[in-house]
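Computation of the quantities below employed the complete heavy-atom set of this structure, encompassing side-chain atoms and omitting hydrogens, waters and symmetry-equivalent molecules.
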Amino acid sequence: MLLPLRERRAAVVTSRPALLILRALGVGDLLTAVPAIRAIARAFPAHYRVLAAPVFLAPLVSMCGGIDEVVDTAPLEPLDEHLSGLDVAVNLHGRGPQSHRIALATSPRRLIAFANDEIPQTRDFPQWRPDEHEILRWCRMLAESGIPADPDDFEIGAPAGDARARGAIVIHPGAASESRRWPVPRWIELCTRLQRAGHRIVLTGSGTEFRRCRAIAKAAHVPIDCVLAGHTDLADMARVIASARAVVCGDTGVAHIATALRAPSVVLFGPMSPQHWGPRSLVRHRVIWRGTLGDPHAASVDPGLASITVDEVAEELRELLRMPQAG
């Protein structure tokens with residue numbers, strides 16, 4: 001069982017050898033690392049396994065398994081001072097050198113990471129490949145370090161359902177940056193069409209995305225009590241997605257939750273490539289991508305994403321809902 005954060009300092013001092021996994025990133029980053037995290041847990045079953053990551057991810061970490069404790073960590077920030085003298089440190093954060101130095105600051109007996117010319121300790125380590133799916137990248141690093149990893153071991157246990165979303169189509173119009181947000185008028189038209197076809201809609205998002213979701217709901221005549229944005233933490237979001245008939249979203253953490261929970265989904269990509277971040281199976285999940293790349297942090301919507309039409313999304317969703325696994 002994942003220990004609560006308040007027990008952190010007592011827990012790190014343990015008779016078991018301690019192992020650190022550094023992955024101080026977001027929801028999608030956590031879920032694409034699940035196969036690697038489970039492989040590490042199998043390789044080091046007697047170790048006390050600590051994940052250095054933002055603590056808001058703890059509910060999802062509990063569903064993933066393989067971790068005893070989450071230590072709250074911001075990207076590329078120094079680790080908790082009590083994390084030192086560890087037996088093993090695994091850098092699942094990046095290629096280094098900054099993240100390598102953070103992991104090495106714990107004085108581990110063994111470091112598992114990618115090679116980086118600025119870090120002499122990694123001279124003979126596995127080489128980073130830029131054009132590689134995120135799941136495969138970390139599984140390969142472990143395999144080349146002598147730790148077998150199964151890239152298809154990415155599913156998480158479904159939590160208890162949420163009655164608000166049972167049988168509904170989850171619409172998640174938000175994303176971390178404007179470049180990955182499909183235009184609001186398209187979401188309005190999509191929701192309007194789905195309701196006319198007899199589907200029930202729920203809109204999800206963070207607290208900062210409530211206004212966007214409310215505007216879509218108002219224009220598409222979706223009842224306000226179907227706007228769940230701002231009223232769900234990660235555990236709630238997982239329950240909503242586990243209950244849904246299907247999910248429609250952009251390239252964001254919700255897409256990875258849907259993949260991990262085997263919830264049918266249509267994912268709109270741009271400016272990032274689904275070849276690096278998309279679902280590995282295209283049976284239960286459908287991807288729409290123009291094949292162009294751009295700045296994932298740009299202040300305006302990616303042109304490729306903006307060119308995706310409502311007709312395309314609606315057709316992919318229709319095809320998905322015809323399949324037996326939908327709902």
Next on the checklist: Would a single hydrophobic cluster contain both V254 and L25, if residues Ile, Leu, Val, Met, Phe, Trp and Tyr are joined by side-chain heavy-atom contacts under 4.5 Å?
Outcome noted: no

Item to check | Partner of I40 under side chain to side chain contact (heavy atoms under 4.5 Å, CB included), chosen from V88, L142, I67 | outcome: L142

Item to check | Qualifying salt bridge (Lys or Arg N to Asp or Glu O under 4.0 Å) pairs with a residue from residues 287-310, counting only residues at least two apart or across chains | outcome: R290-E312

Checklist entry - NE2/H285 to OG/S265 distance, rounded to the nearest 0.5 angstrom? => result 5.0 Å

Checklist entry - How long is the gap from CE on M141 to CD1 on I147, to the nearest 0.5 Å? => result 7.5 Å

Next on the checklist: Does atom CD (E144) have a neighbourhood of more than 12 heavy atoms from anything else shown, all under 6.0 Å?
Outcome noted: yes

Checklist entry - Side chains of I216 and I171: does their closest heavy-atom pair fall under 4.5 Å? => result no

Checklist outcome for this item: Closest non-hydrogen contact found for H100 with F114 is NE2-O, 2.7 Å

Item to check | L190 side chain reached by R186 side chain, heavy atoms, under 4.5 Å | outcome: no

Checklist entry - If you measure only the distance, is there a donor-acceptor pair under 3.5 Å linking the side chains of H93 and N91? => result no

Checklist entry - Is E178 salt-bridged to R181, going by a charged N under 4.0 Å from an acidic O? => result yes

Next on the checklist: Please check: side-chain N/O of R284 versus main-chain N/O of T259, any donor-acceptor pairing under 3.5 Å?
Outcome noted: no

Next on the checklist: Ignoring hydrogens, what is the shortest heavy-atom contact between V313 and L268? Give both atom names and the distance.
Outcome noted: CG2-CD2, 4.0 Å

Next on the checklist: Give me the atom names and distance for the closest heavy-atom approach of N116 to P97.
Outcome noted: ND2-N, 3.4 Å

Item to check | Atom of A258, atom of I241 and distance for their closest heavy-atom approach | outcome: CA-CG2, 3.8 Å

Checklist entry - Would I257 and L228 show up in the same hydrophobic cluster when neighbours are defined by side-chain heavy atoms closer than 4.5 Å? => result yes

Item to check | Closest approach of P159 to A242 (non-hydrogen atoms, all atoms of both residues) | outcome: CD-CB, 4.0 Å

Checklist entry - Between OG of S307 and CD1 of I288, what distance do you get to the nearest 0.5 Å? => result 10.0 Å

Checklist entry - Can E132 and R95 be counted as an ion pair, charged N to O under 4.0 angstrom? => result no

Checklist entry - Between atom CH2 of W138 and atom CD1 of I37, what is the distance when rounded to the nearest 0.5 Å? => result 11.0 Å

Item to check | Residues E69, R49: salt bridge by 4.0 Å N-O rule | outcome: no

Next on the checklist: Test: salt bridge (Lys or Arg N to Asp or Glu O under 4.0 Å). Region: residues 28-37. Which pairs qualify, not counting sequence neighbours?
Outcome noted: none

Item to check | Ion pair check, D87 and R16, cut-off under 4.0 Å | outcome: no

Checklist entry - Just checking, any donor-acceptor pair under 3.5 angstrom between side chains of S206 and R212? => result no

Item to check | Donor-acceptor contact present, side-chain T106 to main-chain I102, <3.5 Å | outcome: no

Item to check | Nearest-0.5 Å distance that lies between atom OG1 in T73 and atom CG in L51 | outcome: 8.0 Å

Checklist entry - When you check the side-chain N and O atoms of D236 and H231, is any donor under 3.5 Å from an acceptor? => result no

Checklist entry - So if you build clusters from Ile, Leu, Val, Met, Phe, Trp, Tyr with side-chain heavy-atom gaps below 4.5 Å, do L261 and V61 land together? => result yes

Next on the checklist: Return the CD1 to CD1 distance between I21 and I112, rounded to the nearest 0.5 Å.
Outcome noted: 9.0 Å

Next on the checklist: Any salt bridge linking E319 with R286? Criterion: basic side-chain nitrogen under 4.0 Å from a carboxylate oxygen.
Outcome noted: no

Item to check | R42 CZ: over 12 foreign heavy atoms closer than 6.0 Å | outcome: yes

Item to check | Taking every non-hydrogen atom, the tightest pair across F56 and V27 | outcome: CE1-CG2, 4.1 Å

Item to check | Residues R280, D152: salt bridge by 4.0 Å N-O rule | outcome: yes

Next on the checklist: Ignoring hydrogens and geometry beyond distance, is a side-chain donor-acceptor pair present between H172 and T204 at under 3.5 Å?
Outcome noted: yes

Checklist entry - Taking only residues two or more places apart in sequence or in another chain, which ones pass salt bridge (Lys or Arg N to Asp or Glu O under 4.0 Å) with R164? => result D162

Next on the checklist: Between E118 and R123, is the salt bridge (Lys or Arg N to Asp or Glu O under 4.0 Å) condition met? List the steps.
Outcome noted: CA-CA 9 Å; E118 296 185 38; R123 183 173 296 113; over 6 Å; no

Checklist entry - Do R101 and L76 come within less than 4.5 Å of each other through their side chains, counting heavy atoms only? => result no

